[in-house]
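Before any comments, here is the structure.
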Amino acid sequence: MTGITLTVNGREHVVEVEDRTLLVHLLRDELRLTGAHVGCDTSQCGACTVHVDGKAVKSCTMLAVQADGAEILTIEGLANGRELHPMQAAFREHHGLQCGFCTPGMIMMAIDIARRHPNPDAATVRAELEGNLCRCTGYHNIVKAVVAGAERMGEPA
Amino acid sequence: MYELAYSRPESLTEALALLAEDEGAQALSGGQTLMPVLRARLAMPSRLVDLQRLPELAGIRLVEGGIEIGAATTHAEVAASAHVRAVLPALADLAGGIGDPAIRHRGTIGGSIANNDPAACYPSALLALGATVTTSRRTLAAEEFFTGMFSTALEPGEIVTAVRFPACQRAAYIKFRNPASRFALVGAFVAQLPSGYRIAITGGGHGVFRWREAEQHLDGGGAMAAITEDMLDLGHFTGDLHGSAEYRHHIAAVIVRRALSTLA
């Protein structure tokens, strides 16, 4: 076991983890943040996407010990009380989900995309979402939601 | 995940000592290939030695005649680097097309070339551009470094610290993507260097290689449009469920012509 300190959604956690524990398992099983999903176990589906030090990564593809000292943001950390993050609101408005399994990863990646490409067009969003798989929607409404959410993120608050 | 130990050394010296003292230890860089491999138990090292934050492996530097990229530099950093864009734009394009954005945020150039996946993108750039690989022990030409499928000249306990590329504006990489894995079904890196044309192909199956017949054809004044798979040894290619050897062989010639046409 190794002691690590990490900040998750603004709150500092000091935890003991086995070296082999994946970050997604620490988040889900120890910290009870079950928004990040384990979809594929082969690093392809993106359902486990969270931000580590401000960048979208697949939390099933790093060890929790590698996140020692890092700032983690998960889907649970986006809303301000009852007020949804603009990207969450855009997914709701544009029906960017059906079963919802991929949605937390989609939204975390979408925010990352919006930061790197302010006001992206649909083609950019499709290219940037290639690491996030959805088996329900056919992607059209997800792309609409990301375009709209990114636009709203760019507006002055 | 199976039970393993993890170490995060503070310096290159400490990392090398950890790798030397434990025969079952494995260097870990971005982990975007290694972690899935470990989860599938295709490899089961007893200890991972994390190289990602070593200061000796960090940074992108302009050097005489080119650019040096620290081994722990991520694909996203290479793709976004103003230095790389200025002196070797084709390499920035290549890095920006590896995997997906989350993979590019963690995967590194050192990890990619040390693994030498026969369908990886970076090895073709190193081979075509005549890059040199600096390790914890020596400096190797790309030609000496890549020794076959998943195989390099690295000895046990030796790690890549940096890669040095020449500046080159006349270079291009085209990847014919496997849409599921985002690896190259076939990829071609072409460059026009002062010494002549260089063409490297990845994804063939046996590991990255130079298409010397096409290089000689171009250096002898032959037309780009005249390059066909008839000049390319089918023996470089293998088939799998994603495509036959003949298909890859044909696609290789097509994308080499496409890449060359972007230089014209």
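Naming convention: chains lettered A, B, ... in sequence-line order (proteins, then strands); numbering from 1 in each chain.
Residue contact with chain B, scored on non-hydrogen atoms closer than 4.5 Å, involves the side chain of A:E18 exclusively. In this structure, chain A has a heavy atom under 4.5 Å from the side chain of B:L48, while its backbone stays farther away. For a residue to count as touching a neighbouring chain, one of its non-hydrogen atoms must lie under 4.5 Å from one of that chain's; by this rule B:L38 does not touch chain A. For chain A, no part of B:R47 is nearby; none of its heavy atoms comes within less than 4.5 Å.
Contacts with chain A were tallied for B:E3, B:H105, B:R106; B:H105 has the most, counting heavy-atom pairs under 4.5 Å. Options B:P179, B:A76, B:A40, B:A102 differ in how many heavy-atom pairs under 4.5 Å they form with chain A, and the most are formed by B:A102. Of the listed residues A:E128, A:Q66, A:R116, the one with more heavy-atom pairs under 4.5 angstrom with chain B than any other is A:Q66. For the set A:T2, A:T61, A:V52, the count of heavy-atom pairs under 4.5 angstrom toward chain B peaks at A:T61. Residue with the most contacts toward chain B among A:L133, A:L129, A:N132, A:D112: A:D112 (heavy-atom pairs, distance under 4.5 Å). Considering only heavy-atom pairs separated by less than 4.5 Å from chain B, the leading option among A:L22, A:I113, A:V57 is A:V57.
Taking the side chain as every heavy atom from C-beta outward, B:L126 and B:F165 approach each other to under 4.5 Å. Between A:C136 and A:L97 the shortest side-chain heavy-atom distance does not fall below 4.5 Å.
Annotation: the span from B:D117 atom CG to B:F183 atom CZ amounts to 4.5 Å, rounded to 0.5 Å.
Annotation: side chain to side chain donor-acceptor pair (under 3.5 Å) contacts involving residues 68-86 of chain A, sequence neighbours excluded, comprise A:N9-A:T74, A:T74-A:E76. Within the structure, salt bridge (charged side-chain N to carboxylate O under 4.0 Å, His left out) contacts touching residues 24-39 of chain B (residues at least two apart or in different chains) are A:D41-B:R39.
Aromatic ring pairs are classed by plane angle as parallel below 30°, tilted from 30° to 60° and perpendicular above 60°; the pair B:F176 and B:Y247 is perpendicular.
B:Y2 places a side-chain N or O within donor-acceptor distance of the main-chain N or O of B:P45, the cut-off being under 3.5 Å.
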